[in-house]
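Let me begin by presenting the structure, written as structure tokens, before commenting on it.
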Amino acid sequence: MLDHVLLRLRHLEERVTELESRLDVRVAGGAGAVAPTPPPLPQDDAPEPEPEPQPQPADAGSPAPRAPAWPAPADAEPEPAAPRRAQHTDLERFVGLTILGRVGAAALLLAAAYFGQLGWERLGPVGRVALVYGAGLALVGAGHLLRARVSPYYTAVLWGAGTAMTYVAGALASLRYGLVPDPVAMLLLFASAALGQLLARVLRFEAFATVALAGAYAAPVLVGSPSPTPTAFFVVLLTLHAWAAWTERAWSWRAARGLAVVATVALATGWYVWNGRVSTGSFVSHVEAVTLLLAAPELAAALLGGAVPRARWSSAVIGIACTQAVLLFDTWMHFEWTGFGLVAGAAWLAVAAVLVRRNEARGPGVARLGGLLVAFGALQVWQASSWPAGTAAQVWVQLATLSAVGPALLVQRRWLRVGELGACVAAILAANVVLTHCAPSTESRLQVVAALLVPAALVRTARPSAAAVFALLLGCVTTLFGLCPRFEFAGPLAHWVAIAVAATGGVATLGAVQAGLRRDRNLLVAAVGVLVALALGWALMVLEGPLPGGGDAGLVPFWNVRFGCLLALFACLFAATRVLRSAEPVARRVLAVAMFAVGYLGGLMELLELIRDWPGGWSDVATSLYTLAFAGGLLLAGFLKQRSDLRWAGLIGFGIVVVKLGLHDLRMLETPLRVLATGVLGLAMLLGAFAYGRRRVGGD
């Protein structure tokens with residue numbers, strides 16, 4: 001079968017070649033000359049069926065076939081070029097048809113309006129309105145009669161002018177003469193708009209339909225009756241929007257749908273600006289209904305698994321989010337409908353759950369909106385009458401709901417894929433409740449623990465690294481400032497400063513542990529930064545020194561809350577260094593420096609408290625001896641752990657003591673104290689040299 005097809009194709013090629021030769025001869029002026037037939041193509045070795053009889057050439061008198069689009073022979077005379085259409089033809093058509101048509105239609109409308117106002121003296125109001133209606137219908141009829149013989153655009157001009165004239169007649173009947181009541185006048189205007197939509201459908205002219213729809217939206221504004229509630233007005237607007245949405249689906253009239261959305265939002269907003277809100281319940285229910293029905297086509301398509309353009313879906317979600325924010329703010333400011341945020345957020349989370357199953361790409365945006373509403377709704381519940389503002393009950397209710405909402409949003413990520421944003425907002429709000437409540441007291445400090453539940457859950461379970469870092473920093477700030485608003489190692493709050501720093505170090509250490517488990521470098525950097533900042537702050541407070549007669553007077557040195565918190569912070573820094581991998585040498589060294597600085601300065605502060613009342617000179621000697629002992633401990637640890645950095649730290653400590661003794665202590669101290677200081681220094685340095693002489697130096 002294939003060989004037969006190839007043979008037929010070969011015969012067709014030979015026939016085309018023969019016809020081309022005949023055509024070339026005729027164009028060149030050859031009378032009756034026939035080009036020789038090319039030799040047949042070589043045959044394949046494979047056996048082929050017998051060829052069919054060769055078709056005979058056409059008679060000389062038969063019409064020649066049309067020349068194909070290949071170049072003519074060189075000796076052929078060129079055919080005369082067709083005359084070009086003048087370049088100004090399109091501009092002339094635009095001016096003659098578009099501009100003249102529109103100006104003529106506008107002139108007729110202006111004449112109808114003037115006639116309706118002035119009119120012929122012998123005609124009453126009814127006659128004038130009837131004549132305007134008749135003129136409009138006459139233009140519509142003329143467009144119908146001329147439709148087959150003129151441009152569709154000219155027909156659209158006639159029909160548009162006629163429709164607009166009937167609209168003017170209805171407005172005159174109501175606004176100018178009061179011939180009909182407002183409901184009848186509105187029906188007349190709607191009838192004119194429906195006529196325009198029908199004629200636009202016949203012509204398939206979207207711009208005509210959009211203008212007619214604009215007239216329908218203007219009708220209730222022109223002749224609508226005042227009402228104490230916007231229910232009837234909103235029903236009319238939403239009915240027009242439903243019609244526009246149907247035309248978009250059926251006839252792809254997107255401009256009409258866009259006009260319907262904009263007009264509905266603008267007129268609904270204008271109603272409240274002009275008339276004011278009736279009540280919170282009426283405002284919330286009406287605005288929520290308008291929002292849902294405006295976004296209903298996109299929501300329905302997404303819930304049913306259909307395709308929704310990305311830009312259209314984003315616009316719908318943004319519009320819904322803005323409306324929910326307005327309603328949340330309104331209920332907040334008027335202390336009514338205190339459960340709006342929780343109810344609306346739960347409803348949108350339910351919608352998001354369905355969207356994730358049907359249309360996974362459209363669900364996360366709605367889920368984030370629901371999470372935000374739930375978070376703010378949890379803060380709004382305190383407005384109930386049983387929990388007045390400014391009381392401890394209000395704070396505990398807020399913290400309880402926020403502490404429950406945050407982890408719940410993280411748990412529902414299993415179904416909705418997102419939840420970190422709402423949980424972060426809940427954590428921010430909980431921290432704000434703690435930090436702005438009142439002066440720290442025992443009860444308010446207990447509230448810090450409740451406020452830490454959401455950040456702790458975020459640090460533990462948040463997938464995006466940024467959310468975990470944010471939660472860690474927020475938890476540290478809440479702990480530090482929630483436990484103590486002022487930072488000084490003196491006064492009645494001195495012990496709370498130490499507790500706040502130690503507790504914050506514990507939170508940062510937990511973040512470092514979590515970062516090590518998840519290999520999250522960003523979270524690790526944040527935890528290390530907080531720990532180093534705490535160590536630096538502790539050091540600065542120690543260097544500043546306690547105020548005379550401060551709240552620490554009477555405390556036993558090395559046996560008080562401050563020193564216990566110092567040991568806790570030192571343990572946090574040490575634990576963080578153990579969590580770090582060997583691939584993080586810089587962070588480990590930074591933490592080690594912070595750890596030894598905190599340990600040195602904390603012990604020094606306790607020593608100074610111990611010798612505060614000793615005679616002069618002992619303070620300088622004690623400081624030098626303490627530094628010498630600390631440096632010797634570092635040197636010993638460096639030999640035992642084979643760590644060169646520890647040994648170098650010890651040697652630097654010895655150098656600092658030598659400089660201090662030579663430049664300050666020996667000039668200020670009495671002879672017995674000089675002997676003590678130099679003797680201990682010499683003994684310590686000899687022991688260090690002995691260690692270097694007995695052991696081989698190694699390590700990193």
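In this structure, L238 and W243 have side chains that are not in contact, with every pair of non-hydrogen atoms separated by 4.5 Å or more. In this structure the side chain of V433 reaches within 4.5 angstrom of the side chain of L379, judged on heavy atoms. At a threshold of 4.5 Å between non-hydrogen side-chain atoms, the residues L267 and F233 count as touching. With a 4.5 Å cut-off on side-chain heavy atoms, L188 and Y133 count as touching. Between M186 and P220 there is a side-chain heavy-atom pair separated by less than 4.5 Å. Counting heavy atoms from C-beta on, the side chains of V434 and F481 never come closer than 4.5 Å. V140 places none of its side-chain heavy atoms less than 4.5 Å from the side chain of L158. A heavy-atom distance below 4.5 Å is not found between the side chains of H286 and W271.
One finds the CG atom of L402 at 11.0 Å from the CD1 atom of I428 (value rounded to the nearest 0.5 Å). Note that the CH2 atom of W253 and the CZ atom of F208 stand 9.5 Å from one another [nearest 0.5 Å]. In this structure, the separation between CZ on R414 and CG on L416 is 12.0 Å, given to the nearest 0.5 Å. Atom CG of L399 and atom CG of L453 lie 9.5 Å apart (nearest 0.5 Å). Distance CG/L372 to CD/Q324: 11.5 Å, rounded to 0.5 Å. Taking CG of D182 as the reference point, atom CG of L187 lies at 11.0 Å (rounded to 0.5 Å).
The two residues A256 and T210 come nearest to each other via the heavy atoms N-OG1, 3.8 Å. Closest approach of W313 and A302 over heavy atoms only: CZ3-CB, 3.7 Å. In terms of heavy atoms, V459 sits closest to L472 at CG2-N, 3.6 Å. Of all non-hydrogen atoms in V129 and A169, the two that sit nearest each other are CG1-O, 3.8 Å. Smallest separation of non-hydrogen atoms from S285 and G281: OG-O, 2.8 Å. The two atoms that bring V418 and P364 nearest to each other are CG2-O, 3.8 Å, heavy atoms only.
In this structure, F283 and Y272 have perpendicular ring planes: the angle between them is above 60°, well past the 30° mark.
Between the side chain of T478 and the backbone N or O of A431, no donor-acceptor pair lies under 3.5 Å. Panel note: side chain T166, backbone T163; a donor-acceptor pair is recorded below 3.5 Å. Judged by distance alone, the side chain of T247 and the main-chain N or O of A244 form a donor-acceptor pair under 3.5 Å. At distances below 3.5 Å, not a single donor-acceptor pair connects side-chain atoms of S174 with backbone N or O atoms of A171. T461 places no side-chain N or O within donor-acceptor distance of the main-chain N or O of L458, the cut-off being under 3.5 Å.
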Let me see the working for L409 and L349 under side chain to side chain contact (heavy atoms under 4.5 Å, CB included), right down to the final yes or no. CA-CA 10 Å; L409 292 175; L349 287 175; 4.2 Å; yes

Could you go step by step and tell me if W251 and R204 meet the side chain to side chain contact (heavy atoms under 4.5 Å, CB included) rule? CA-CA 9 Å; W251 304 329; R204 301 180 184 274; over 6 Å; no

Between L293 and H241, is a side chain to side chain contact (heavy atoms under 4.5 Å, CB included) present by the stated rule, with each step listed? CA-CA 9 Å; L293 292 176; H241 171 264; 5.7 Å; no

Checking L189 against V223 for the side chain to side chain contact (heavy atoms under 4.5 Å, CB included) test, could you report, in this order, the C-alpha distance in whole Å, the side-chain angles of both residues, the deciding distance, and whether it holds? CA-CA 9 Å; L189 297 182; V223 298; 4.1 Å; yes

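Checked against E298 for a salt bridge (Lys or Arg N to Asp or Glu O under 4.0 Å), the options R249, R257, R362 give a single hit: R257.
Other residues, nucleotides and ligands place no more than 12 heavy atoms under 6.0 Å from the CZ atom of R460. Counting non-hydrogen atoms of neighbouring residues, nucleotides and ligands closer than 6.0 angstrom, the CZ atom of R417 exceeds 12 such neighbours. Counting non-hydrogen atoms of other residues, nucleotides and ligands closer than 6.0 Å to CZ of R518 gives a total above 12.
No salt bridge links R254 with E206; every basic N to acidic carboxylate O contact stays at or beyond 4.0 Å.
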